[in-house]
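In what follows, a structure is listed as structure tokens, so that the remarks can point back to it.
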Amino acid sequence: MKTDLPQSFRRLEYLPPNYTFGQVELDIALDPARTIVKSHIEVLPGVNHEQDMPLVLQGHELEFVSLRINGQAHRQFELTPETLTIHALPEGGKKAFIVEIICVCIPEKNTSLMGLYVSNGNFFTQCEAEGFRKITYFLDRPDVMARYRVTLRARESECPVLLSNGNLIATEKLPNGWHSAVWEDPFPKPSYLFALVAGKLECIEETITTTSGAKKLLQIWVEPHDLPKTRHAMNSLIASIHWDEKRYGLELDLERFMIVAVSDFNMGAMENKGLNIFNTKFVLAQPETATDADFANIESVVAHEYFHNWTGNRVTCQDWFQLSLKEGLTVFRDQEFSADQMGSESGRAVRRIEDVRLLRQLQFPEDAGPMAHPIRPDEYQEINNFYTVTVYEKGAEVVRMYQTLLGVEGFRKGMDLYFKRHDGQAVTCDDFLAAMADANGRDLTQFKNWYSQAGTPRVKVEETYDAKRKEYQVTLTQSPAKPGDQLFHIPLRMRLLTAQNDQAETLLELTQERQTWTFSGIASRPVLSMNRNFSAPINLDFDQTEDDLLTLFSSDDDAFNRWEAGQKLAMQMILENRLPDEALIKAYRNLLTDPDLDPSFKELALTLPAETYLYEQCKSVDPQKIYAARRAFRHAIASELGIEWAALYQQMQAPGEFSPDAASAGKRALKNLALSMLLEADPAIWAPMAVNQYQNANNMTDRYAALAGLVIHGSKSANACLEDFHQRFADEALVVDKWFALQSSRPPVAHMEPTLNEVKRLREHPAFKMNNPNRVRSVIHAFCLNNPASFHQADGSGYAFWAESVLALDPINPQVAARLARGLDRWRHFAQPYQGHMLSALKQVAACETLSADVKEVVSKALAS
Ligand code: TRP
Ligand code: ZN
């Protein structure tokens with residue numbers, strides 16, 4: 001066992017910087033094997049400055065070459081693997097001075113994909129959160145905001161395109177086939193928003209005019225063969241720009257805005273000022289290669305990164321503990337944008353259901369496990385581990401609660417004040433809350449607890465109805481996740497459904513531990529619709545009768561709660577190992593045949609709660625039991641509604657040319673659920689129809705759905721179709737990812753060998769690459785994180801594979817390895833023999849002497865739980 005304790009960073013230990021930077025000039029000569037970085041930095045004393053304080057710069061995996069101060073070689077410095085400390089500053093550092101540093105980095109050896117790296121022969125950077133220190137020595141912290149002027153140099157034949165943040169100032173031909181470009185960003189920014197891109201890329205471009213009449217150049221840069229797949233991303237960008245002007249009065253502040261796609265990328269995308277860099281997965285789409293879900297994801301990620309230009313870049317974070325200040329707010333903004341793009345109220349509701357489903361499937365488990373943290377964490381060892389669903393998705397729910405409490409207009413007033421006060425600053429979550437409170441004259445003191453307490457609060461509902469007095473009472477009791485925690489300020493939308501339909505929706509504000517509300521003049525016992533539209537991210541403890549749930553499922557006018565009632569009925573029955581009873585089947589049938597309901601809503605209503613969400617309802621999880629109970633329930637829905645599924649499969653066909661709009665996508669979703677249900681009921685009978693759909697589809701949604709249906713239901717035709725799919729799309733990396741992911745996420749099938757054997761073969765496939773995150777995620781993460789029934793085997797084979805994979809990935813890419821390492825977080829929550837096998841796998845990983853800080857934090861917190 002190693003004894004050195006990992007370093008923890010604490011929120012309350014924040015100190016403003018001793019020095020800050022004014023103008024920063026970078027001169028970067030790009031060479032995959034040896035890139036030379038020269039920096040020329042104007043250093044100023046910071047608010048915390050004291051005479052003779054040294055200047056401590058961060059630098060990681062750099063080769064130091066030279067240091068000058070005010071033009072003179074400077075020798076009073078020390079180097080450690082993480083820092084460059086400069087002593088004996090001119091006049092003790094109390095006046096501005098110039099630091100010049102030369103250093104070298106090696107992009108082609110950089111597999112971590114943080115800092116400067118090479119992908120398919122082109123250069124890219126990723127600096128958030130602490131990657132800039134892998135490019136040069138710097139005050140690499142978000143509260144140091146500087147102006148950048150960047151000169152890029154490269155061999156013109158290898159790198160015809162040279163991009164950085166801001167505006168292009170000059171280009172020049174240089175001797176020996178080199179050339180250069182100078183970029184200037186007029187807005188001060190923290191180092192994490194720096195970016196450069198260089199290589200053989202091409203773009204589509206568009207010029208638009210903003211509300212104020214300014215012309216803006218928009219570009220999307222990709223490898224030349226991908227140009228035909230950029231239209232949808234461009235349309236999404238234009239729609240985002242218009243939406244932010246209209247909804248928040250926020251305009252694009254640069255003359256030029258660029259998006260670049262790269263196939264080696266640790267996450268989804270990055271909001272570098274004026275030069276967003278994206279995982280290809282969130283840029284490239286054509287109907288033949290991308291599913292409806294891919295199109296929707298591209299729209300929302302493009303919007304997300306664009307919206308960061310104001311919420312993140314113009315107003316940034318004081319320190320990384322404030323990450324949710326930009327991420328929670330920006331996710332909320334992209335959710336609202338995407339909902340508006342649906343073009344109807346029912347479309348908005350569908351998006352809301354999808355967002356909440358994600359939150360509960362991923363964030364609720366995180367919040368109940370060893371990595372639980374408040375949306376504003378108090379402590380971290382490795383900041384990269386805190387780009388979590390809690391910071392992002394729960395953070396967005398907290399922002400949404402302001403809007404619920406203050407109204408859409410009140411929220412807008414708060415946003416306006418936030419920008420008025422803090423444009424150009426690095427601020428905290430408290431500043432955001434203060435702007436919301438002050439703009440609306442509201443006391444939000446208690447609301448602050450959402451930022452400081454982890455865990456999902458529970459709210460218990462008790463109701464009484466007095467028929468004689470025609471009085472209805474509801475009593476709510478809140479319990480924060482940890483005993484001793486402060487009470488929350490919880491906005492709960494509710495409505496009483498009555499025979500007279502005479503009760504309006506109201507907003508209850510639960511601020512005490514226990515509160516009662518009385519409603520009078522209620523003629524008959526009402527049905528309570530509580531936490532409508534999921535107004536608060538809580539667990540509701542409410543023993544509503546199955547009759548009441550059926551009423552809500554058939555007639556609640558809040559689409560979210562209508563869906564929720566169906567989920568709750570199914571969940572309760574699955575957990576009790578029951579099959580759907582006659583009443584529920586009838587409700588399903590009515591819903592499926594209701595001509596007034598959106599197909600996409602029907603699809604959501606008939607999709608069962610995910611296994612991982614069912615786990616959350618158990619004291620001790622037996623994954624195989626849950627899988628079997630859920631599957632049996634699904635089988636019953638499939639066979640009892642056989643006629644309806646067959647009819648829907650026909651009715652939802654949309655012959656003719658493919659159209660990507662929301663209504664058509666909804667029809668496809670329901671049609672493909674119907675296909676999957678038919679295969680569930682009888683794979684032998686329906687396989688030929690699925691094969692037919694596979695072969696004749698004119699779009700990826702239909703082709704992939706047919707293929708997935710065949711694979712998941714263990715059809716004999718699956719292999720031939722898989723083979724065909726691979727050949728057809730061998731040159732389309734993102735489609736090859738789908739091919740891998742589908743096979744790795746196949747649940748157990750009775751007559752087939754375990755999926756793990758297949759996964760091990762896929763890992764040896766010539767197209768598998770351990771240093772491409774998308775490929776790794778499509779095989780290893782897909783199996784360990786998205787295929788619970790195959791992963792959780794009683795012999796522990798899945799966990800052994802997990803340990804081996806984490807250890808193999810860690811030296812290549814710690815961030816991607818740490819994400820995988822999260823897979824055994826909840827080991828204590830599982831029954832034996834699973835728990836015992838998980839513990840040994842965790843110990844095996846923890847015993848490695850050379851673990852990255854990323855993986856070490858994850859496994860040590862799991863073991864300590
Ligand atoms: N800030 C980015 C976003 O939310 C995500 C991000 C953070 C990121 N760190 C990263 C992306 C590292 C890639 C690599 O949009
Ligand atoms: Zn973001």
Side-chain angles (χ1 to χ4, degrees), residues 60 110-117 119 124-135 140-142 165 189-197 233 236-237 240 244 259-283 297-317 319-338 375 377 380 382-396 399 771-774 776-777 813-819 852 854:
H60 192 60
N110 182 355
T111 58
S112 72
L113 310 184
M114 294 299 289
L116 176 63
Y117 63 94
S119 168
F124 299 89
T125 55
Q126 171 56 42
C127 294
E128 187 177 4
E130 298 178 335
F132 194 79
R133 62 188 64 183
K134 298 181 73 178
I135 300 173
D140 191 12
R141 45 186 290 170
N165 316 88
K189 66 170 175 290
S191 53
Y192 83 87
L193 291 173
F194 168 82
L196 76 80
V197 170
S236 304
L237 176 59
S240 308
D244 220 13
I259 288 176
V260 187
V262 57
S263 47
D264 294 282
F265 203 67
N266 283 349
M267 307 232 231
M270 180 62 213
E271 70 264 24
N272 316 300
K273 184 82 188 186
L275 181 57
N276 289 356
I277 298 182
F278 275 58
N279 189 324
T280 44
K281 186 174 160 52
F282 296 111
V283 176
N297 288 336
I298 289 167
E299 180 180 82
S300 78
V301 177
V302 167
H304 179 96
E305 305 310 331
Y306 175 72
F307 295 157
H308 268 314
N309 191 49
W310 280 94
T311 51
N313 301 3
R314 286 288 287 257
V315 182
T316 194
C317 301
D319 56 69
W320 292 119
F321 297 100
Q322 317 298 327
L323 183 58
S324 202
L325 172 74
K326 74 176 176 81
E327 295 304 346
L329 177 53
T330 305
V331 171
F332 170 73
R333 276 151 54 68
D334 83 56
Q335 287 177 350
E336 288 288 277
F337 165 76
S338 291
I375 63 167
Y380 62 75
E382 173 51 64
I383 184 57
N384 288 330
N385 286 330
F386 285 80
Y387 288 78
T388 58
V389 278
T390 296
V391 165
Y392 277 65
E393 314 301 323
K394 187 178 181 180
V399 173
N771 51 19
N772 175 253
N774 285 358
V776 167
R777 283 187 283 253
N813 189 324
Q815 272 182 57
V816 175
R819 177 68 195 94
S852 65
D854 308 57

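Values in this document were obtained by computation on a predicted structure and should not be read as measured data. The analysis underlying the following values was restricted to heavy atoms, covering all of them including side chains, and did not include hydrogens, waters or symmetry mates. Numbering of ligands and ligand atoms starts at 1, following listing order.
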**Item:** Qualifying residues under salt bridge (Lys or Arg N to Asp or Glu O under 4.0 Å), relative to E327, sequence neighbours excluded
**Value:**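 None.
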**Message:** Using ring centroids (six-membered ring only for Trp), state whether F337 and F307 fall under 6.0 Å.
**Reply:**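 Close enough - the centres of the two rings lie under 6.0 Å apart.
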**Prompt:** Does the separation of the ring centres of Y380 and F321 fall below 6.0 angstrom?
**Reply:**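 Yes, ring centres under 6.0 Å apart.
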**Message:** Which atom name would you report as the N, O or S atom of E327 nearest the Zn ion (ligand 2)?
**Reply:**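 This residue's closest N, O or S atom turns out to be OE1.
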**Request:** Could you list the residues that satisfy side-chain hydrogen bond (donor to acceptor under 3.5 Å, both in side chains) with D854, not counting sequence neighbours?
**Result:**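 Result, side-chain hydrogen bond (donor to acceptor under 3.5 Å, both in side chains) vs D854: none returned.
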**Item:** P814 versus S112, closest heavy-atom pair with distance
**Value:**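 Heavy-atom minimum between the residues: CD-CB, 4.3 Å.
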**Prompt:** What does the list of residues with a heavy atom under 4.0 Å from ligand 1 look like, ordered by chain and number?
**Reply:**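 Close residues (ligand 1, cut-off 4.0 Å): Q126, E128, F265, M267, A269, M270, E271, H304, E305, H308, K326, E327, Y387, Y392.
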**Prompt:** Going by the salt bridge (charged side-chain N to carboxylate O under 4.0 Å, His left out) test, which pairs reach into residues 304-316, not counting sequence neighbours?
**Reply:**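 Qualifying pairs: D253-R314, R314-D423.
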